[in-house]
Amino acid sequence: MVKIAQLSCGTEYSGIQKEIEKAAATFDAEIVIPEADLDYIDEAYEKFGFAAASSGIKLMIARAMSLVEGKSTADAVFIATCFRCAEGALVRNELRRLIQENTNLPVVTYSFTEKTKADELFIRMEALTTIVARKSLLAREKQNGLTIGIDSGSTTTKVTLMENNKIIGTGWLPTTDVIKSAEDGMKSAFEGTGYKLDDVDGMGVTGYGRLTIGRHYNAALIQEELSVNSKGAVYLADSQKGEATVLDIGGMDNKVITVNNGIPDNFTMGGICAGASGRFLEITSRRLGVDISELGALALKGNYKNVLLNSYCMVFGIQDLVTSLAAGGTKEDVAAAACYSVAEQVYEQQLQEIDVREPLIQVGGTSLVEGLVEAVSTVLGGIKVIVPENSQYIGAVGAALLVSGLGKKPSNITNPEGL
């Protein structure tokens, strides 16, 4: 059983402690609390060097030091503080940095509310347990045989067919009915290859619809997108050795993952509003009368400083956009401002919680919006951003790559649709 050390303040008073334990238990993990007696609390607190007003945060610091100094052991770390607490946010980030600099434990940080439920924590707990339990699989660098990967995302479904470390077929379409979208995506991927589903050695599935598709096709690999996406990203960017940061601005949520030698060691996901997602860019494109594929090039011709979009809310952001157009703003400037607004919000909400390690690899469908890529670079002070070929398929590529490490299992796949 994977042991996840919990470092937190306020979970017992907010009523979410049982939800945290329930989420961990779903993935055969156990929440453990690092040891810290009264004498050690003062000693650890002094070493850390932060004057905390909260006694709960003081205890949280001592428990973190207990892990760092080897007085307690665990396989992974979950750090959580209330979203209302500014002091908690500061300490949460510093403890994350302390643990990463002094241990090899994977870490996830989380800002909880009083209404947090177990299902909101599932993907984080699943990712932590996956990183621990499947470390050798995540270290895999090459794809072998004939495998297929499916990434059933919130807005699009991506499919990749790989043979002996090469992509030989792809499919990309909107997610409607989860099974039907996967089926249509596979038809596109198989087209012109001479192969069919019965020929593949293994199927890997990730994304929001992974459980439904995985059960339907009896897939060999059903795995959360944090570990799978980061693997696909570093594979496509040829950055499997050393450190890297993966940024995936999705249609419904965003993911920022730090990776060391192909294995994720810290990640954050979510966002305050869809104003920091690809959905906002889709609506902006529609309002400007251009296809989303044209928005990036349009933005590169504009100047974001000429249009003020400063709302976290997508509704009010669009209102600002409409007002700017009515006042004579150009489509180019509005497109640039929309891209910069998304990049800025991603930075404020998530990138500040991560120590960005170069190279920064931007992936997912929004990585094809050139203006957004430039905006991310600008917000981060001119850092070079890598967008690898096939960046929109990272989840499907990661799934196809990882499932090849499970061995050839032709009988593992059922083919109810006759693909």
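The analysis underlying the following values was restricted to heavy atoms, covering all of them including side chains, and did not include hydrogens, waters or symmetry mates.
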When you compare the side chain of [Y] with that of [X], does any pair of heavy atoms fall below 4.5 Å?
X	Y	answer
Arg134	Leu402	no
Leu372	Gln362	yes
Tyr217	Glu183	yes
Thr147	Val200	no
Thr366	Val342	no
Arg140	Ser404	yes
Leu197	Met186	yes
Tyr110	Ile20	no

Can you establish whether the number of heavy atoms outside [X] located under 6.0 Å from its atom [atom1] is more than 12?
X	atom1	answer
Glu69	CD	yes
Asn104	CG	no
Arg84	CZ	no
Glu191	CD	no

For [X] and [Y], work out which heavy atoms get closest and say how close.
X	Y	answer
Ala127	Phe267	CB-CZ, 3.5 Å
Gly364	Ile394	N-CG1, 4.2 Å
Asp151	Ala396	CB-N, 3.6 Å
Ala74	Leu67	CB-CD2, 4.1 Å
Val307	Ser324	CG1-OG, 3.2 Å
Leu138	Lys231	O-NZ, 2.8 Å

With distance as the sole test, does [X] use its side chain to make a donor-acceptor pair with the main-chain N or O of [Y] at under 3.5 Å?
X	Y	result
Lys331	Leu288	yes
Thr129	Glu126	yes
Ser239	Val234	no
Asp75	Ile4	no
Thr175	Gly153	yes
Gln143	Leu401	no
Ser181	Thr176	yes
Gln350	Asn254	yes
Ser152	Thr157	no
Ser341	Ala337	no

As a quick check of understanding, evaluate side-chain hydrogen bond (donor to acceptor under 3.5 Å, both in side chains) for Lys158 and Thr160, giving each step before the final call. CA-CA 7 Å; Lys158 286 78 63 177; Thr160 300; over 6 Å; no

Check against side-chain contact (heavy atoms from CB on, under 4.5 Å), Val2 and Leu128: CA-CA 9 Å; Val2 174; Leu128 282 175; over 6 Å; no

Evaluate side-chain hydrogen bond (donor to acceptor under 3.5 Å, both in side chains) for Asn260 paired with Asp265, printing each intermediate quantity in order. CA-CA 7 Å; Asn260 188 11; Asp265 57 7; 4.7 Å; no

Apply side-chain hydrogen bond (donor to acceptor under 3.5 Å, both in side chains) to the pair Ser66 and Glu35, showing each step before the final yes or no. CA-CA 7 Å; Ser66 177; Glu35 297 179 5; over 6 Å; no

Any chance you could measure Ile249, atom CD1, to Gln345, atom CD, to the nearest 0.5 Å? 10.5 Å

When rounded to the nearest 0.5 angstrom, what is the spacing between OG in Ser72 and CZ in Arg63? 9.5 Å

I'd like to know if the side chain of Thr81 pairs up with that of Arg92 as donor and acceptor (distance under 3.5 Å, no hydrogens or angles considered). yes

Do the side chains of [X] and [Y] get close enough for a salt bridge, i.e. N-O under 4.0 angstrom?
X	Y	answer
Glu120	Lys115	no
Arg279	Glu282	yes
Glu94	Arg97	yes

Quick one: do Phe190 and Asp199 satisfy side-chain contact (heavy atoms from CB on, under 4.5 Å)? Show the steps, please. CA-CA 11 Å; Phe190 282 120; Asp199 297 320; over 6 Å; no

CA sep, side-chain torsions, deciding dist, call: Gln6, Glu21, side-chain hydrogen bond (donor to acceptor under 3.5 Å, both in side chains): CA-CA 10 Å; Gln6 179 181 325; Glu21 294 169 359; over 6 Å; no

Of Thr258, Ile131, Asn266, which meets side-chain contact (heavy atoms from CB on, under 4.5 Å) against Pro106? Ile131

For Val246 and Lys255, what are the C-alpha separation, side-chain angles and deciding distance, and is it a side-chain contact (heavy atoms from CB on, under 4.5 Å)? CA-CA 8 Å; Val246 177; Lys255 305 172 187 69; over 6 Å; no

Considering residues at least two apart in sequence or located in another chain, which fulfil the ring pair (Phe, Tyr, Trp, His ring centres under 6.0 Å) criterion with Tyr304? Tyr340

Take Tyr393 and Ile167 through the side-chain contact (heavy atoms from CB on, under 4.5 Å) test and state the conclusion after the steps. CA-CA 10 Å; Tyr393 294 106; Ile167 298 172; 5.8 Å; no

